[in-house]
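Below: one structure, written as structure tokens.
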Amino acid sequence: MIVARIVEVLRGSTAPALVEVEGGERHVLKFAGAGSGPRGLLVEFIASRLARAFGAPVPDVAPLMLPKGFPWQVGTDEFDATVQRSFGWNLGVKYIAGARLATPAEILAADPGTLSLIVRADRLLHNVDRSAANPNVLIDDAGVLHAIDHDACLYFDRALSGRAPHVFSLPARHLLAGVAASPAAAPGDVDVAGIAAAAPDAWFDAAGLERGAVVKALQGYIAAFDA
């Protein structure tokens with residue numbers, strides 16, 4: 001998909017933006033020229049797809065192409081500099097109209113089955129960035145939760161390190177540390193190769209990683225989790 005218009009700059013440490021792609025569909029765009037760069041986009045893309053495979057309520061993600069020479073449309077000169085550094089593949093998170101950040105109280109009062117799925121995925125991904133101060137969960141008009149922002153998950157580096165045994169417990173400060181994970185949330189076979197194949201070559205190249213090696217490392221990591 002190709003970015004056609006930047007609608008507005010959103011709040012966030014890496015200045016994400018609400019964009020429209022050709023055809024009008026809206027996404028929250030995370031830029032390759034911000035934060036931890038293409039490697040961070042790769043980490044979040046795979047994390048989000050893995051979480052969805054494990055049943056967690058996570059918005060779909062997809063690579064979005066920002067055409068070279070994209071014109072200034074909104075924001076400051078600093079934001080435009082980020083855009084100029086980000087021509088090529090960026091990460092789009094499906095936009096959920098009407099959704100807002102959920103409070104810790106709203107999250108903890110949600111359906112226990114939903115929370116258990118988030119816990120299961122966060123344990124796999126070793127998500128250290130879902131605290132009471134920073135829940136990273138949206139709630140839509142129907143009261144449905146959507147877990148977001150998986151760029152700080154540690155699973156990727158842990159899998160690539162090859163060190164074992166892996167520890168899959170949640171950090172003590174995790175908002176859902178006291179919530180039980182659903183044993184039924186983990187599928188028997190996650191298509192890691194298919195998930196990795198959907199990520200652009202440019203992300204692997206910029207991170208100095210070989211796709212096959214990443215797939216093999218993640219498959220071993222997930223097998224340890226299932227065990």
Side-chain angles (χ1 to χ4, degrees), residues 1-7 9-10 12-53 58-75 77-95 125-127 129 148-162 190-222:
M1 290 182 283
I2 299 175
V3 177
R5 182 167 77 98
I6 298 178
V7 179
V9 183
L10 303 174
S13 58
T14 58
L18 177 62
V19 304
E20 287 182 355
V21 298
E22 294 178 352
E25 188 177 81
R26 290 191 167 190
H27 299 259
V28 173
L29 189 68
K30 297 194 172 186
F31 292 96
S36 52
R39 191 181 194 278
L41 301 186
L42 178 63
V43 169
E44 182 159 12
F45 175 81
I46 293 177
S48 299
R49 288 286 177 94
L50 286 176
R52 287 172 60 84
V58 173
D60 198 10
V61 292
L64 300 186
M65 172 60 67
L66 187 68
K68 188 173 183 179
F70 197 87
W72 181 92
Q73 293 179 328
V74 297
D77 289 343
E78 182 180 5
F79 173 74
D80 185 57
T82 299
V83 174
Q84 301 300 314
R85 292 193 300 269
S86 301
F87 297 146
W89 290 110
N90 296 267
L91 180 66
V93 181
K94 186 175 181 180
Y95 176 65
L125 301 171
H126 203 82
N127 190 348
D129 196 25
I148 60 170
D149 287 347
H150 294 87
D151 55 314
C153 294
L154 302 181
Y155 78 100
F156 196 82
D157 288 331
R158 292 187 171 202
L160 291 181
S161 74
V190 178
D191 184 12
V192 178
I195 291 173
D201 292 340
W203 292 352
F204 287 95
D205 294 343
L209 297 170
E210 196 274 319
R211 192 187 307 265
V214 171
V215 169
K216 184 177 180 180
L218 289 174
Q219 287 173 332
Y221 180 82
I222 293 172

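This one's a predicted model, so the numbers in the text were calculated from it and none came from an experiment.
- Between the side chain of Arg211 and the main chain of Ala196, a donor-acceptor pair closer than 3.5 Å is present.
- In terms of heavy-atom proximity, Val58 sits nearest to Arg52 at O-NH1, 2.7 Å.
- Looking at every heavy atom in both residues, Ser86 comes nearest to Gly33 through OG-N, 2.8 Å.
- In this structure, Glu44 CD and Arg39 CZ are separated by 13.5 Å, a value rounded to the nearest 0.5 Å.
- The line from OG1 of Thr14 to CG of Leu41 is 9.0 Å long, rounded to the nearest 0.5 Å.
- In plain terms, the two heavy atoms of Thr82 and Ala34 that are nearest each other are CG2-CB, 3.9 Å.
- For the atom pair CZ (Arg85) and CG (Leu66), the distance works out to 12.5 Å, reported to the nearest 0.5 Å.
- Judged purely by distance below 3.5 Å, without hydrogens or angles, the side chains of Ser161 and Arg158 never pair a donor atom with an acceptor atom.
- Distance alone, capped at 3.5 Å, is enough to place a donor-acceptor pair between the Trp203 side chain and the Trp89 backbone.
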For the pair Val7 and Val74, evaluate side-chain contact (heavy atoms from CB on, under 4.5 Å) and give the outcome as yes or no after the intermediate values.
-> CA-CA 7 Å; Val7 179; Val74 297; over 6 Å; no
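- A donor-acceptor pair under 3.5 Å is absent between the side-chain atoms of Glu22 and the main chain of Ile2, judged by distance alone.
- Distance NZ/Lys30 to OG/Ser36: 9.5 Å, rounded to 0.5 Å.
- In terms of heavy-atom proximity, Ala51 sits nearest to Leu125 at CB-CD1, 4.1 Å.
- Rounded to the nearest 0.5 angstrom, His150 NE2 and Arg49 CZ are separated by 13.5 Å.
- In terms of heavy atoms, Gly92 sits closest to Leu64 at CA-CD1, 3.6 Å.
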Could you please spell out the steps behind the side-chain contact (heavy atoms from CB on, under 4.5 Å) verdict for Ile195 and Val190?
-> CA-CA 9 Å; Ile195 291 173; Val190 178; 4.2 Å; yes
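- Nearest heavy atoms, Pro63 versus Ala198: CG-O, 3.4 Å.
- The backbone N or O of Ala32 sits less than 3.5 Å from a side-chain atom of Asn90, completing a donor-acceptor pair.
- Between Tyr221 and Tyr155, the two ring planes are tilted [angle within 30° to 60°].
- With rounding to the nearest 0.5 angstrom, the CG atom of Leu42 is 4.0 Å from the CD1 atom of Ile46.
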For Leu160 and Val214, run side-chain contact (heavy atoms from CB on, under 4.5 Å): C-alpha distance rounded to whole Å, both residues' side-chain angles, the deciding distance at 0.1 Å, then the answer.
-> CA-CA 7 Å; Leu160 291 181; Val214 171; 4.2 Å; yes
